[in-house]
Amino acid sequence: MSDHQEPRPEGDSQRTSMLVPTIVLGVIAAFALIYLFFFQSDDRVLEPEPVSQPALSQPSPEPTPVPQPTLAPTVLPSVSAEPAPTPEPLPELNTSDQPLAKNLEDRGLGDLVVYLTPEEVIRKTARAVYSLSKGNVVQQYRPVNGPDSAFTATATGDTVTIENPRQKGEMTETPVYRLNEKNAERYTPLVNLLRTTDKGTLVSVYQRYYPLLQQAYQELGEGPADFHNVVLASLDSMINAPDPREEPKLIRTSVQYQFLKPEYEALPQAQKLMLRMGKMNRRVLVEELKTLRAALADAQIGSAASH
C-alpha cells in the first residue's frame, strides 16, 4: 500500500484544519448569563438601624424612682456599597486584533492565539461562521491557521469502475483509497484544544467581544439579524454530520479526492470535512459541540432567541 498526498493548491487540507480552531474562537458562549452577573452594579444604600442610648437615672430621696426622658437616637452616616468595577471599553473593530490576542493570553488561552491569523480576526471569524452555517468552508477568509502538512490517503489495493471525469460517458478503473492515521493525527491537537480549554473562560471572551462579532457580521449584509443565531446554525451543520461505523472510502478524480459513496460526496462541504478528520476526532468534536450547543441555546446572547 502506498500513501498519497493531495496537492495543496486545492486547499482542502487547510479548509479542514481551520474548522476546529474556528469553532473554538467563534462558538464559545456557554454560561454567558453567569458572566453578566459580574458586571451588575448595586446602587442600594445601606442604612444602619437607629441606636438607642440607655436611660440615665439620678439620685432621689423618694422611694419611687422618677422616669427620665430618653435621649434622641444617634443616626450614623449612611454607607454606600462599593461600586462594581467598570469593564474596559472594547476596542474599535478595525484595531481589535492585538487587544483580542492579549485578552486571550491574559486568560490563559495562549495555545489558541498561535492559530490566529495576523489581521482581521473578528471579521474573518464572522464570515467563517456564517459560511459554516450554510455548510461551506471558505479558505480565503479563514481566521486561523492550521497544520502545515497536507491531507494524505492510502491506497487499499482495490479498484472501482467510475465514469471518466475527463470524458463523459466513458468508464474507467480507478484506485480506492482510505484515510490513514497520519491524517487524523493532524487534527488531534486541535480537537484536544477544544476539549481541554476551560469553557467558562472561552464564554467570557465570546461575551465580551460579541458586539464586535455582531458588527462584523452586519457588515456582510447576510442572513438573520443576530450573529448568535448564525453560530447556532453552524453548530447544527457540524453536529448533524454522518458518523459512519467505518471510515469512508475515497477515490481520486483529477487532483482531488472524493468520497466513493455518492451520498457522502453530496453532503455540505463542512460535513464532508468532518468525515475526513477521522472517526475518533469527529466523535469527540461532536460531543463537545453538542455541549456548547445546549449551553448556547439557553445563553440568550445579545437579542438572539434560543432554539
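What you see is a predicted model, and the numbers here were worked out from it, not measured in a lab. Along the sequence shown, residues carry numbers from 1.
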Exercise for review: Report the C-alpha separation of Glu287 and Lys290 in whole Å, then their side-chain angles, then the decisive distance to 0.1 Å, and conclude whether the salt bridge (Lys or Arg N to Asp or Glu O under 4.0 Å) test is met.
Suggested key: CA-CA 5 Å; Glu287 289 305 310; Lys290 286 180 178 179; 3.8 Å; yes
Review point. What do the steps show when you test Val113 against Leu109 for side chain to side chain contact (heavy atoms under 4.5 Å, CB included), and what is the final call?
Key: CA-CA 7 Å; Val113 175; Leu109 301 177; 5.5 Å; no
Practice item. Apply side chain to side chain contact (heavy atoms under 4.5 Å, CB included) to Thr159 and Thr174, showing your working. Key: CA-CA 5 Å; Thr159 61; Thr174 187; over 6 Å; no
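Both Val205 and Leu235 are assigned to one and the same hydrophobic cluster, defined by single-linkage of ILVMFWY side chains at heavy-atom distances under 4.5 Å. Tracing side-chain contacts under 4.5 Å through hydrophobic residues (I, L, V, M, F, W, Y), one never reaches Leu260 starting from Leu179; they form parts of separate clusters. A chain of hydrophobic side-chain contacts below 4.5 Å, direct or via other Ile, Leu, Val, Met, Phe, Trp or Tyr residues, connects Leu220 to Val129. Ile251 and Leu267 fall into different hydrophobic clusters, where Ile, Leu, Val, Met, Phe, Trp and Tyr are joined by side-chain heavy atoms under 4.5 Å apart, directly or via other members.
Residue Pro244 comes nearest to Pro248 through the heavy atom pair CG-CG, 3.9 Å, listed as atom of the first residue, atom of the second, then distance. Counting all heavy atoms, side chain and backbone alike, Thr156 lies closest to Tyr177 at CG2-C, 4.0 Å. Nearest heavy atoms, Arg245 versus Lys279: O-NZ, 3.1 Å. In terms of heavy atoms, Val286 sits closest to Ile239 at CG1-O, 4.2 Å. Leu212 and Ser96 get closest at one heavy-atom pair: CD1-CB, 3.9 Å. When all heavy atoms of Asn281 and Ala184 are compared, the closest pair comes out as ND2-O, 2.8 Å.
Annotation: the span from Lys124 atom NZ to Glu119 atom CD amounts to 5.5 Å, rounded to 0.5 Å. To the nearest 0.5 Å, atom CG of residue Leu194 and atom CG of residue Leu289 are 6.5 Å apart. Atom CZ of Arg195 sits about 7.5 Å away from atom CD of Glu288, to the nearest 0.5 Å. Summarising the geometry, atom CD1 belonging to Ile122 is positioned 10.5 Å from atom CG belonging to Asn94; distances are rounded to the nearest 0.5 Å. Glu181 contributes atom CD, which lies 10.0 Å from atom OG1 of Thr188 (distance to the nearest 0.5 angstrom). With rounding to the nearest 0.5 angstrom, the CG atom of Leu273 is 10.0 Å from the CG atom of Asn136.
Relative ring orientation between Phe227 and Tyr210 is described as tilted, the plane-to-plane angle lying within the 30° to 60° band.
Between the side chain of Lys272 and the backbone N or O of Tyr264 there is no donor-acceptor pair closer than 3.5 Å. Distance alone, capped at 3.5 Å, is enough to place a donor-acceptor pair between the Ser234 side chain and the Val231 backbone. Between the Lys249 side chain and the Lys261 main chain, no donor and acceptor come within less than 3.5 Å of each other. In this structure, the side chain of Glu265 does not engage the main chain of Gln258 through any donor-acceptor pair within 3.5 Å. A distance-only check finds no donor-acceptor pair linking the side chain of Tyr257 to the backbone of Thr152 [under 3.5 Å]. Under a 3.5 Å cut-off, the side chain of Ser133 and the backbone N or O of Ala233 do not form any donor-acceptor pair.
By the 4.5 Å heavy-atom criterion applied to side chains, Asn103 and Tyr209 are counted as neighbours. Between Leu250 and Phe259 the shortest side-chain heavy-atom distance falls below 4.5 Å. At least one side-chain heavy atom of Arg107 sits less than 4.5 Å from a side-chain heavy atom of Arg208. By the 4.5 Å heavy-atom criterion applied to side chains, Asp97 and Thr117 are not counted as neighbours. Between Met171 and Glu163 there is a side-chain heavy-atom pair separated by less than 4.5 Å. In this structure, the side chains of Leu93 and Glu219 come closer than 4.5 Å at one or more pairs of heavy atoms.
By the 6.0 Å contact criterion, CD on Glu246 is open, its count of non-hydrogen atoms from other residues, nucleotides or ligands being 12 or less. Under a cut-off of 6.0 angstrom, the local environment of CD in Gln98 is sparse, with at most 12 non-hydrogen atoms contributed by other residues, nucleotides or ligands.
With sequence neighbours left out, the side-chain hydrogen bond (donor to acceptor under 3.5 Å, both in side chains) criterion links Thr161 to Glu173. With sequence neighbours excluded, the residues satisfying side chain to side chain contact (heavy atoms under 4.5 Å, CB included) with Ala241 are Gln271, Met274.
The pair Glu105-Lys102 does not meet the salt-bridge criterion, since no charged nitrogen lies less than 4.0 angstrom from a carboxylate oxygen.
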